[in-house]
Amino acid sequence: THTHTNTMELDATIREGSAVLLLGSPGVALDTVQRALTELRAVVGERGKADLEQPDRVEQVDLTPSSYDTVLCGCLDPCVTVHTHSLLTRLLKLLKPSGKLHLREPLQEGEEPSKLCSKLKLAGFVNPAAISSADNTAVVHAEKPAYEVGASQMLLSLRPLAQPKQETVKVWQISADDDDLDDILANDGEDLLDQSDIAMATTAPACATDGVVKKKACKDCSCGRAEMEEAETKQKTRSAPVASSCGSCYLGDAFRCSSCPYLGMPAFKPGDKVQLSARQLNPDK
């Protein structure tokens, strides 16, 4: 029986002090498993560890998350393990950040190794690569991202915040030791403005309602001018006479269109104000 732990060129990832998880399968001979564990433990030494587990039990046993540097799955013959999405996500949690996953999986007829790479990406692995495909099997390497699932980090600003100039800071500082502090705060701060400041403020055009200075309301008007203009527009709309498009409205209903605003009113002379009699204003009984 042949062991694939050496043929996958793992000497670069498994070294002294590494924590390795080896996944076998029920069809692998006992001596093959023992030989593989002996080889791994000889490499990792006393400071490392090499654990053995079955793929169908990984999701059930209590293994410490983020505790393995490398996970080997399907590396022992016969290769019969098909890696499900739940199995791959479980292996992702067991690996340390930047940990390595090396697996071998039998291919169906016409199946490409790239399909297995897609499965690894969906499970959260990065940089999956198909190393070889022989004996109708795919050998793929992948790794866990360099961060834990759910990890967060504060974003650093690329540009440092500009500090205010010292002269600007001094302008807006009021010290308790200022001699004129009491004068400044006296009379509720009314003395902060002199007559020239008040005169300058009164020269600005105000919202006039007498028609002398008539400006349109600002976009974000808060002085009430916008409401006044809206009310004036509605008043003009109500008081404006209804324009006739045919010029025959005053002759009576026989000459009026179906949408005429004077429909149902008596005939009148052009320019006259239409008035209804008291009988027409009373509802029919």
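We count residues from 1, following the sequence as given.
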A.B. asks: Decide yes or no on side-chain contact (heavy atoms from CB on, under 4.5 Å) for Glu143 and Leu101, but give the supporting numbers first.
C.D. replies: CA-CA 6 Å; Glu143 61 185 64; Leu101 172 67; over 6 Å; no

A.B. asks: Show me the donor-acceptor pairs, under 3.5 Å and distance only, between side chains in residues 42-55 and residues at least two apart or in other chains.
C.D. replies:
{"from": "Asp51", "atom 1": "OD2", "to": "Tyr68", "atom 2": "OH", "distance (Å)": "2.6"}
{"from": "Gln54", "atom 1": "OE1", "to": "Ser25", "atom 2": "N", "distance (Å)": "3.2"}

A.B. asks: With sequence neighbours excluded, tell me which residues meet salt bridge (charged side-chain N to carboxylate O under 4.0 Å, His left out) with Lys121.
C.D. replies: none

A.B. asks: Rounded at 0.5 Å granularity, tell me how far CG in Leu22 sits from CZ in Arg41.
C.D. replies: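 Reported value, rounded in 0.5 Å steps: 9.5 Å.
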
A.B. asks: Could you walk me through whether His102 and Thr70 pass the side-chain contact (heavy atoms from CB on, under 4.5 Å) test, one step at a time?
C.D. replies: CA-CA 8 Å; His102 307 278; Thr70 305; 3.5 Å; yes

A.B. asks: If I compare all heavy atoms of Phe125 with all of Leu91, which pair ends up nearest, and what's the gap?
C.D. replies: CZ-C, 4.3 Å

A.B. asks: Donor-acceptor pair, Thr64 side chain versus Ser67 backbone, under 3.5 Å?
C.D. replies: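 No.
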
A.B. asks: Got a second to check how far Arg90's CZ is from Gln60's CD, nearest 0.5 Å?
C.D. replies: 10.5 Å

A.B. asks: For the pair Thr89 (side chain) and His85 (backbone), establish whether a donor and an acceptor sit closer than 3.5 Å, ignoring hydrogens and angles.
C.D. replies: yes

A.B. asks: Look only at the side chain of Glu229 and the backbone of Ala217, and say whether a donor-acceptor pair between them is shorter than 3.5 Å.
C.D. replies: yes

A.B. asks: Considering all heavy atoms of both residues, which atom of Leu120 and which atom of Ala142 are nearest to each other, and what is their separation?
C.D. replies: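 Heavy-atom minimum between the residues: CD1-CB, 3.9 Å.
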
A.B. asks: Locate the shortest heavy-atom distance separating Gly27 from Pro78; write the atom from each residue and the value.
C.D. replies: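 Nearest pair, atom of Gly27 first, then Pro78: O-CD, 3.4 Å.
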
A.B. asks: Do Leu94 and Val58 come close enough that some side-chain heavy atom pair is under 4.5 Å?
C.D. replies: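 The answer is yes, as the side chains (C-beta and beyond) meet within the 4.5 Å cut-off.
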
A.B. asks: So Leu40 and Leu72, do their side chains get closer than 4.5 Å, heavy atoms only?
C.D. replies: yes

A.B. asks: Which residues pass the side-chain hydrogen bond (donor to acceptor under 3.5 Å, both in side chains) test with Glu148, not counting sequence neighbours?
C.D. replies: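 side-chain hydrogen bond (donor to acceptor under 3.5 Å, both in side chains) check on Glu148 returns Ser66, Lys144.
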
A.B. asks: Taking the side chain as every heavy atom from C-beta outward, state whether Leu87 and Val82 have any atom pair closer than 4.5 Å.
C.D. replies: no

A.B. asks: Donor-acceptor check, side chain of Asp69 to backbone of Gly99, threshold 3.5 angstrom: yes or no?
C.D. replies: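 Such a contact is absent between Asp69 side chain and Gly99 backbone.
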
A.B. asks: Rounded to the nearest 0.5 Å, what's the gap from CD on Glu112 to SG on Cys117? Could you check?
C.D. replies: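 Separation between the atoms: 11.0 Å.
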
A.B. asks: Which atom names give the shortest non-hydrogen contact between Leu92 and Ala123, and what distance separates them?
C.D. replies: CD2-O, 3.2 Å

A.B. asks: Just one of Leu116, Thr81, Val71 clears the side-chain contact (heavy atoms from CB on, under 4.5 Å) bar with Leu103, so which one?
C.D. replies: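 That would be Leu116.
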
A.B. asks: Any link between Leu30 and Leu76 through a network of hydrophobic side chains (Ile, Leu, Val, Met, Phe, Trp, Tyr) touching at under 4.5 Å?
C.D. replies: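 No; Leu76 is not reachable from Leu30 via cluster members.
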
A.B. asks: Between Cys221 and Ala226, what is the shortest heavy-atom contact and its length?
C.D. replies: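 Minimum heavy-atom contact is SG-N, 3.7 Å.
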
A.B. asks: Counting only heavy atoms from other residues, nucleotides and ligands, does the tally under 6.0 Å from NZ of Lys93 exceed 12?
C.D. replies: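 Counting neighbours around NZ of Lys93, 12 or fewer heavy atoms of other residues, nucleotides or ligands fall under 6.0 Å, so no.
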
A.B. asks: Does any N or O in the side chain of Arg104 come within less than 3.5 Å of the main-chain N or O of Thr137, such that one atom is a donor and the other an acceptor?
C.D. replies: no

A.B. asks: Is a salt bridge present between Lys115 and Glu105, judged by a nitrogen-to-oxygen distance below 4.0 Å?
C.D. replies: no

